[in-house]
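Report on the following structure.
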Protein chains: 2
Amino acid sequence: MLRGDITVAIRNAVMSELAEVGYGRLSIEAVARRAGVGKTAIYRRWSNKLEMVMEIISDVAERKVPLPDTGSFSGDLQLLLMIVSTALQHRIASQIIPDLMAEAARNPQIAETLQRALRTHQQAVGEKLIGQAVTRGELPEGTDPEVAVDMILGPLYWRLAVARQPIGEDYLEKFTVAVTAALRATG
Amino acid sequence: MLRGDITVAIRNAVMSELAEVGYGRLSIEAVARRAGVGKTAIYRRWSNKLEMVMEIISDVAERKVPLPDTGSFSGDLQLLLMIVSTALQHRIASQIIPDLMAEAARNPQIAETLQRALRTHQQAVGEKLIGQAVTRGELPEGTDPEVAVDMILGPLYWRLAVARQPIGEDYLEKFTVAVTAALRATG
DNA sequence: AAACGGCGGAACGCAACCGTTACGTCGTAG
DNA sequence: CTACGACGTAACGGTTGCGTTCCGCCGTTT
């Protein structure tokens, strides 16, 4: 019954609005204005701001990232880093993600949703990437996937989303070498 | 002329309010209410919310962190990790920092202030910690301090401020080993 | 003793947004 | 052709916050 094109317009408006003003200042009226839509169309779909944002976000957040199998750990790793760094440099994403992370610190429902998405991705990376490398003999048996994921995603997130410094030509390469050495050492 | 105790009360209220509702939703009225103070007392000191928050935050943000010299790189590193992880687990800090980071993505003035503070600390860590280690011969000459700082602070920030997972007993130790190996490899 | 000035409190007009309702339009399904 | 229902528009009363102003209180300075 609900018109699909309207729903799409609202979803887009929410994402843009989220990027521009953040969750804290996001207002239903602004979303409606931006989507070129009546408030009624929004309230017909969701009963309040939190519910609306959560539904829209979790859709996006739980999309699976295709994980690489290039045949070697350093290849896999570099490809993953490329994918993640591209995502983190995306205009909308780079605004929304830190904002929701901060909001999660005070809203349990947001926290739960983000944690779920994050955990899913972390596990996928851990099992696939690290698992593959261990089977291949490129990483020691006891490699802790938790530490590994921290070592891989942490620095990248720090640099792109926190320090907001650009990534140079050779950065990912240097970084791949460093991470590989780090993981070999923890075995 | 302005009473000092009132100023202190306001500063504390701003920090608490910032932690509880974030910059986006922080209101002067709420700060005044919380500080047990009239709005006039606030407007007598700062002319608006941004100016108030910036002045209060930069005070805190630019406090220098005493950097360790334990005699060995792994000792220095582990001590630094202890200090940082303690700070990042502090109730107020762990709420305010990600929040302001997110806000910085859309407010140039906040961005500039935080970047300045961050850069100061990063350089201090880079020069002192890495510099010491290189002089001692524990790290290769060409060690890139930028990459190094990313590798050190990134995973910790990721785990504590983003993923919000607790740090286990042996985590810092494991992590120290990993980082050391990583940095030796990039030389 | 008098003047000064920071203080809390209260109220101002204005703006934004909340969530809800009533209304008239329009496309579609029956 | 008719009935239905989603749509946009507009308005509702209520809340919150802005930045400003005026008041009376009270401690300090002179």
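All chains are named by letter (A, B, ...) in the order of the sequence lines, taking the proteins before the strands, and each is independently numbered beginning at 1. Here the structure is a predicted model, which means the values were calculated and not measured.
- The phosphate of C:dC7 (OP1 or OP2) has a side-chain N or O of B:Arg45 nearer than 4.0 angstrom.
- Atom CG in B:Leu2 sits roughly 16 Å away from atom P in D:dT28 (whole-Å rounding).
- The nearest whole Å value for the distance from the OH atom in A:Tyr43 to the P atom in C:dA22 is 17 Å.
- For the pair B:Ile6 CD1 and C:dG9 P, the interatomic distance rounds to 10 Å; values are reported in whole Å.
- Between C:dC7 and B:Arg44, a contact under 4.0 Å exists linking OP1 or OP2 to a side-chain N or O.
- Listed nucleotides C:dG9, D:dA6, C:dG19 differ in distance to A:Asn48; the shortest reach to its side chain belongs to C:dG19.
- Whole-Å rounding puts the B:Glu51 CD to D:dG19 P distance at 11 Å.
- The nearest whole Å value for the distance from the CD1 atom in A:Ile42 to the P atom in C:dG19 is 11 Å.
- Between B:Arg3 atom CZ and C:dC4 atom P the separation is 21 Å, expressed in whole Å.
- Contact annotation: A:Arg33 side-chain N/O to C:dC17 OP1/OP2 distance is under 4.0 Å.
- For the pair A:Arg34 CZ and D:dG8 P, the interatomic distance rounds to 17 Å; values are reported in whole Å.
- For B:Val37, the side-chain atoms get nearest to C:dG8 when compared with the rest of C:dG6, D:dC7, C:dG8.
- Salt-bridge check for B:Lys174 with A:Asp150: failed, with every basic side-chain N at 4.0 Å or more from each acidic carboxylate O.
- Considering only the side chain of B:Met1, C:dG6 comes nearest among C:dG6, D:dG8, C:dC18.
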What's the verdict on salt bridge (charged side-chain N to carboxylate O under 4.0 Å, His left out) for A:Glu20 and A:Arg34, showing C-alpha distance, side-chain angles and the deciding distance?
CA-CA 12 Å; A:Glu20 271 182 30; A:Arg34 179 169 212 135; 2.8 Å; yes

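- Considering only side-chain atoms of B:Glu29, the nucleotide from D:dT20, C:dG8, D:dG17 that sits closest is D:dG17.
- Across all strands shown, A:Thr40 has heavy atoms under 4.0 Å from base atoms, whether or not it also approaches the sugar-phosphate.
- No side-chain heavy atom of A:His121 sits less than 4.5 Å from a side-chain heavy atom of A:Glu62.
- Considering only the side chain of B:Ala41, C:dC7 comes nearest among D:dG8, C:dC7, D:dA11.
- Distances shorter than 4.0 Å separate none of the side-chain N or O atoms of A:Arg25 from OP1 or OP2 on C:dC17.
- One atom, CD1 of B:Ile28, and another, C1' of C:dG9, lie 17 Å apart when rounded to the nearest Å.
- Residue-level contact check: B:Lys39 touches the bases, meaning some heavy atom is under 4.0 Å from a base atom.
- To the nearest 0.5 Å, atoms CG (B:Asn107) and OH (B:Tyr23) are separated by 5.5 Å.
- Ion pairing between a basic and an acidic side chain is recognised when a charged N comes within 4.0 Å of a carboxylate O; A:Arg33 and A:Glu17 show no such pairing.
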